[in-house]
Novice: 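Have a look at this one before I ask anything.
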Protein chains: 2
Amino acid sequence: MDFDNNNLSQNKMLNEFDIFKDFLQQKNLRWTPQRKMILEIFLSFDGHVDIESLHQKIQEQDPSLGIATLYRTLKILVDCELVEAHSFHDGKKSYERKFRVQHHDHLICTQCEKTIEFEHALIEKYQIEICEEYGFTLKSHKMELMGVCENCRKE
Amino acid sequence: MDFDNNNLSQNKMLNEFDIFKDFLQQKNLRWTPQRKMILEIFLSFDGHVDIESLHQKIQEQDPSLGIATLYRTLKILVDCELVEAHSFHDGKKSYERKFRVQHHDHLICTQCEKTIEFEHALIEKYQIEICEEYGFTLKSHKMELMGVCENCRKE
DNA sequence: CTATATATTGATAATAGTTATCAATATCAA
DNA sequence: TTGATATTGATAACTATTATCAATATATAG
């Protein structure tokens, strides 16, 4: 069955689908229509997505796709480093596109939950210094600034 | 019944117990032996504590104290800003003393889970600048640097 | 192209952490 | 001391996530 109509692998530049396929092959896992659809829908979101939103959008396209498959696929996507998992204050996990996206930190409005992504070169520099000071090898980091945005302050 | 042997409120300087009592009174809540014990045991820990560790230590002193009371009390302590709740990568919540403790960020070993707390004045300064730039009023922040510590690297 | 080994799927049971319910009890203000 | 009501512990309920399993789809060797 040829469900891969886009035939993305003909594109010389590596994209998320190729990376995912390669990873699956490497690990002796299989490229399935469900996994393709989940990655497609995941990429159609900007910024952060939670399971609920993903599941909802998937249901619209294919109501037969089970929630367990969604969880399983996201776990693989995290393993192959295309996706990053976050756990925010409310305990719910959210997922974020990682590949070819510069690392970024988050500015979160505690009232409307609006989230802005940013980065700051000097902060990154100091992070590395701090790690060296304590003998750590830095692998990744997460910074969240919680505050109230302009709009919410007006109300 | 006078379970408050320490009579902490006679101490002129505000401490966690007074703050907690005041908060309870303000909100028309009651000062109970269970709440006192939970705060005591919470304060006896350094740095981060999770529910499990707290519950275990509480069981040693008073096996009759229910887990629901522990959750309820921690929620109040967070409300009155004596305690800060974090949710780390594994989805489990942990709690951290907040009052009279300088804010600090975390350096976490992804292998042994060892956690070091640190702060950096310039990073804090830049955080404020970033917030201003986006029109946010900064309320709190969280920074986690994930890496591998010296010991784990040797193994 | 076909056969075969095995990875994957969806449904659902199971689990873990947390919260809600409720009757008995403790607190606290008058 | 009393009475209104907040609190407690036990436990049911709930939510998010993971494990189980039989049916099915995929990849690969021939």
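Throughout, a chain's letter reflects where its sequence line sits, starting with A, and its residues are numbered from 1.
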Novice: Identify whether any heavy atom of A/R72 sits under 4.0 Å from a base atom; if not, whether one sits that close to sugar-phosphate; answer base, sugar-phosphate or nothing.
Specialist: base
Novice: Within the structure provided, determine whether A/F136 and B/L145 are in side-chain contact (heavy-atom separation under 4.5 Å).
Specialist: no
Novice: Between B/I123 and A/I130, is any pair of side-chain heavy atoms under 4.5 Å apart?
Specialist: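 Answer yes - side chains close enough.
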Novice: C/dT18, OP1 or OP2 - any side-chain N/O from B/Y71 closer than 4.0 Å?
Specialist: yes
Novice: Taking atom C1' of C/dT27 as reference, at what distance in whole Å does atom CD of B/Q34 sit?
Specialist: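 Distance, rounded to whole Å: 11 Å.
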Novice: Determine the minimum heavy-atom distance between A/L107 and A/F118, stating which atoms define it.
Specialist: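 Reported closest heavy-atom pair: N-CE2, 4.0 Å.
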Novice: How many whole angstroms separate atom CG of A/L70 from atom C1' of C/dT8?
Specialist: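 Nearest whole value for this atom pair: 15 Å.
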Novice: Output the residues of residues 55-69 of chain A in contact with DNA chain D, where contact means a heavy atom of the residue under 4.0 Å from an atom of the strand; sort by number or write none.
Specialist: A/A68
Novice: Walk me through it: do A/D79 and A/K27 pass the test side-chain contact (heavy atoms from CB on, under 4.5 Å)?
Specialist: CA-CA 11 Å; A/D79 275 353; A/K27 300 271 181 178; over 6 Å; no
Novice: In whole angstrom, give the distance that lies between atom CH2 of A/W31 and atom P of D/dT28.
Specialist: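 Computing the A/W31:CH2 to D/dT28:P distance gives 15 Å.
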Novice: Distance check needed: D/dT8 C1' versus B/R35 CZ, whole Å only.
Specialist: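 These atoms are roughly 9 Å apart.
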Novice: Under 4.0 Å from OP1 or OP2 of C/dA29: is there any side-chain N or O of B/Q25 that close?
Specialist: yes
Novice: Which part of the nucleic acid, if any, lies within reach of B/K27 when heavy atoms closer than 4.0 Å are counted: base, sugar-phosphate only, or nothing?
Specialist: nothing
Novice: Please report the closest heavy-atom contact between A/F45 and A/S53, naming both atoms and the distance.
Specialist: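 Scanning both residues, the minimum pair turns out to be CZ-O, 3.9 Å.
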Novice: Within the 4.5 Å heavy-atom criterion, are A/E84 and A/K142 side-chain neighbours or not?
Specialist: no
Novice: For A/S44, check side-chain contact (heavy atoms from CB on, under 4.5 Å) against everything at least two apart and list the hits.
Specialist: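 Applying side-chain contact (heavy atoms from CB on, under 4.5 Å) to A/S44 gives A/I41, A/K57.
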Novice: So do the side chains of A/F17 and A/E40 get within less than 4.5 Å of each other, counting heavy atoms only?
Specialist: yes
Novice: Are any non-hydrogen side-chain atoms of A/L39 and A/L77 less than 4.5 angstrom apart?
Specialist: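 Of all side-chain heavy-atom pairs linking A/L77 with A/L39, at least one is under 4.5 Å.
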Novice: Atom CD1 of A/I38 to atom P of C/dT8: distance rounded to whole Å?
Specialist: 12 Å
Novice: Just to verify, what does B/E129 make a salt bridge (charged side-chain N to carboxylate O under 4.0 Å, His left out) with, not counting sequence neighbours?
Specialist: B/K125
Novice: From C-beta outward on B/L29, which listed nucleotide comes closest to its side chain: D/dA6, D/dG9, D/dT17?
Specialist: D/dA6
Novice: Between the two ends of the helix from C/dC1-D/dG30 to C/dA30-D/dT1, what is the bend in degrees, rounded to 10 degrees, where each end axis spans five pairs?
Specialist: 40°
Novice: How long is the line joining NZ of B/K36 and P of C/dC28, in whole Å?
Specialist: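 After rounding, the gap between these two atoms is 13 Å.
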Novice: side-chain contact (heavy atoms from CB on, under 4.5 Å) with A/D62: which residues, sequence neighbours excluded?
Specialist: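 Testing A/D62 for side-chain contact (heavy atoms from CB on, under 4.5 Å), a comparison that skips the adjacent residues, returns A/M37, A/S64, A/L65.
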Novice: Report each atom pair, protein N/O against N/O of nucleotides 2-6 of chain C, whose distance is under 3.5 angstrom.
Specialist:
| residue | atom | partner | partner atom | Å |
| --- | --- | --- | --- | --- |
| C/dT6 | O2 | A/R30 | NH1 | 2.9 |
| C/dT6 | O2 | A/R30 | NH2 | 3.4 |

Novice: Rounded off to whole Å, could you give me the CG-to-P distance for the B/L24 and D/dT7 pair?
Specialist: 8 Å
Novice: Taking atom P of D/dA6 as reference, at what distance in whole Å does atom CD of B/Q26 sit?
Specialist: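 Atom-to-atom, B/Q26 to D/dA6, this comes out as 16 Å.
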Novice: About how many Å separate CG of A/L70 and CG of A/L54, when rounded to the nearest 0.5 Å?
Specialist: 5.5 Å
